[in-house]
**Q** 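Pasting a structure below so you can have a look.
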Amino acid sequence: QVQLVESGGELVQAGGSLRLSCAASGLTSDNRAMGWFRQAPGKEREFVAAVSWGGAQTYYAESVKGRFTISRANAQNTVSLQMNSLKSEDTSLYYCAAAASRFALSRSDYYSAGKYGSWGQGTQVTVSS
């Protein structure tokens, strides 16, 4: 089991930027795909972004494409989510997740919460309009 701890969430004005970080420990996370998901009150958890285990491939939800950037630093066991041009609809609890399987996933698997076996406790992002 990989332990994940998110940080960086806070209150920000619309149009602003935030950088979320996820620190991993436990079983080796550097050979697992990593993802960010979010869940707003009364809504289902939704995919935000993911990065392949080697960092070469990244995937984004259409709603954040061009505004968010996911990256990873395997030497530091961290994954980051740079969020720019934030909108009120980005307000949510953001979760970091590690894939249940090591190495490569099929393209569709990156977008599926069910393919991730370890989750952090979440960090709150609130965007005021």
Side-chain angles (χ1 to χ4, degrees):
Q1 188 82 6
V2 179
Q3 289 80 45
L4 304 170
V5 178
E6 305 96 334
S7 62
E10 63 181 69
L11 173 64
V12 63
Q13 287 190 335
S17 298
L18 279 178
R19 186 176 182 86
L20 305 184
S21 294
C22 174
S25 61
L27 292 178
T28 303
S29 63
D30 60 355
N31 55 19
R32 298 175 189 269
M34 299 292 292
W36 286 95
F37 289 76
R38 65 188 182 187
Q39 187 169 19
K43 295 187 177 181
E44 292 189 357
R45 188 170 298 190
E46 64 173 355
F47 170 80
V48 176
V51 59
S52 61
W53 69 275
Q57 286 83 40
T58 56
Y59 306 85
Y60 298 94
E62 284 299 321
S63 60
V64 307
K65 198 172 291 185
R67 299 189 298 124
F68 291 11
T69 302
I70 189 171
S71 60
R72 67 187 299 162
N74 285 343
Q76 289 77 41
N77 287 328
T78 59
V79 177
S80 298
L81 184 68
Q82 177 66 40
M83 306 187 296
N84 299 328
S85 302
L86 284 161
K87 305 175 181 180
S88 57
E89 51 262 44
D90 294 319
T91 294
S92 195
L93 188 61
Y94 283 72
Y95 296 92
C96 175
S101 301
R102 298 189 301 167
F103 304 118
L105 302 178
S106 65
R107 182 181 178 88
S108 62
D109 285 350
Y110 286 99
Y111 298 84
S112 173
K115 296 301 182 181
Y116 294 81
S118 301
W119 295 82
Q121 81 291 347
T123 185
Q124 179 67 39
V125 172
T126 303
V127 183
S128 63
S129 56

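What you see is a predicted model, and the numbers here were worked out from it, not measured in a lab. FYI, side chains are in, hydrogens and waters are out, and symmetry mates aren't considered; it's all heavy atoms of this structure.
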**Q** Through direct or indirect side-chain contacts below 4.5 angstrom among Ile, Leu, Val, Met, Phe, Trp and Tyr, which residues connect to Val5?
**A** none

**Q** Hey, quick one: are Val51 and Phe47 part of the same hydrophobic cluster, counting side-chain heavy atoms closer than 4.5 Å, chains of contacts allowed?
**A** no

**Q** List for me each residue that meets salt bridge (charged side-chain N to carboxylate O under 4.0 Å, His left out) alongside Glu62, sequence neighbours excluded, and say none if there are none.
**A** Lys65

**Q** Keeping to residues at least two apart or across chains, list the salt bridge (charged side-chain N to carboxylate O under 4.0 Å, His left out) pairs with something in residues 103-126.
**A** none

**Q** When clusters are formed from ILVMFWY side-chain contacts under 4.5 Å, directly or step by step, what else is grouped with Leu11?
**A** none

**Q** Quick one: disulfide bond (SG atoms under 2.5 Å apart) pairs with a partner in residues 97-129, sequence neighbours left out?
**A** none

**Q** Could you pull out all residues at least two apart from Lys43 that satisfy salt bridge (charged side-chain N to carboxylate O under 4.0 Å, His left out)?
**A** none

**Q** So, using ring-ring contact (aromatic ring centres under 6.0 Å, His included) as the criterion, who are the partners of Tyr110 when residues are at least two apart?
**A** Tyr59

**Q** Within the 4.5 Å heavy-atom criterion, are Arg45 and Trp119 side-chain neighbours or not?
**A** yes

**Q** Residues two or more places apart in sequence or in another chain: which of them pass ring-ring contact (aromatic ring centres under 6.0 Å, His included) with Phe68?
**A** none

**Q** Just grab all the disulfide bond (SG atoms under 2.5 Å apart) pairs involving residues 87-117, residues at least two apart or on different chains.
**A** Cys22-Cys96

**Q** For the residue pair Asn84 and Ser17, establish whether any side-chain heavy-atom pair is separated by less than 4.5 Å.
**A** yes

**Q** Do Ser80 and Arg19 have side chains that get closer than 4.5 Å, going by heavy atoms?
**A** yes

**Q** Who are the salt bridge (charged side-chain N to carboxylate O under 4.0 Å, His left out) partners of Asp90, not counting sequence neighbours?
**A** Arg38, Arg67

**Q** Filter on disulfide bond (SG atoms under 2.5 Å apart), then keep only pairs touching residues 35-82, sequence neighbours left out; what's left?
**A** none

**Q** Could you see if Val48 belongs to whatever hydrophobic cluster contains Tyr111? Use Ile, Leu, Val, Met, Phe, Trp, Tyr and a side-chain cutoff under 4.5 Å.
**A** no

**Q** Restricting to ring-ring contact (aromatic ring centres under 6.0 Å, His included), what partner residues turn up for Tyr116, sequence neighbours left out?
**A** Phe37

**Q** Do Leu18 and Glu10 make a side-chain contact, defined as non-hydrogen atoms from C-beta onward lying under 4.5 Å apart?
**A** yes

**Q** For the hydrophobic clusters of this structure (ILVMFWY residues joined by side-chain heavy atoms under 4.5 Å, transitively), does one cluster hold both Val64 and Met83?
**A** yes

**Q** Any side-chain heavy atom of Tyr95 within less than 4.5 Å of one from Leu4?
**A** no

**Q** Would you say that more than 12 heavy atoms from the other residues, nucleotides or ligands in this model lie under 6.0 Å from the CD of Gln121, or not?
**A** yes

**Q** Has Arg32 got a side-chain atom pairing as donor or acceptor with Ala97's backbone, closer than 3.5 angstrom?
**A** no

**Q** Does Asn77 use its side chain to pair, donor to acceptor, with the backbone of Gly26 at less than 3.5 Å?
**A** no

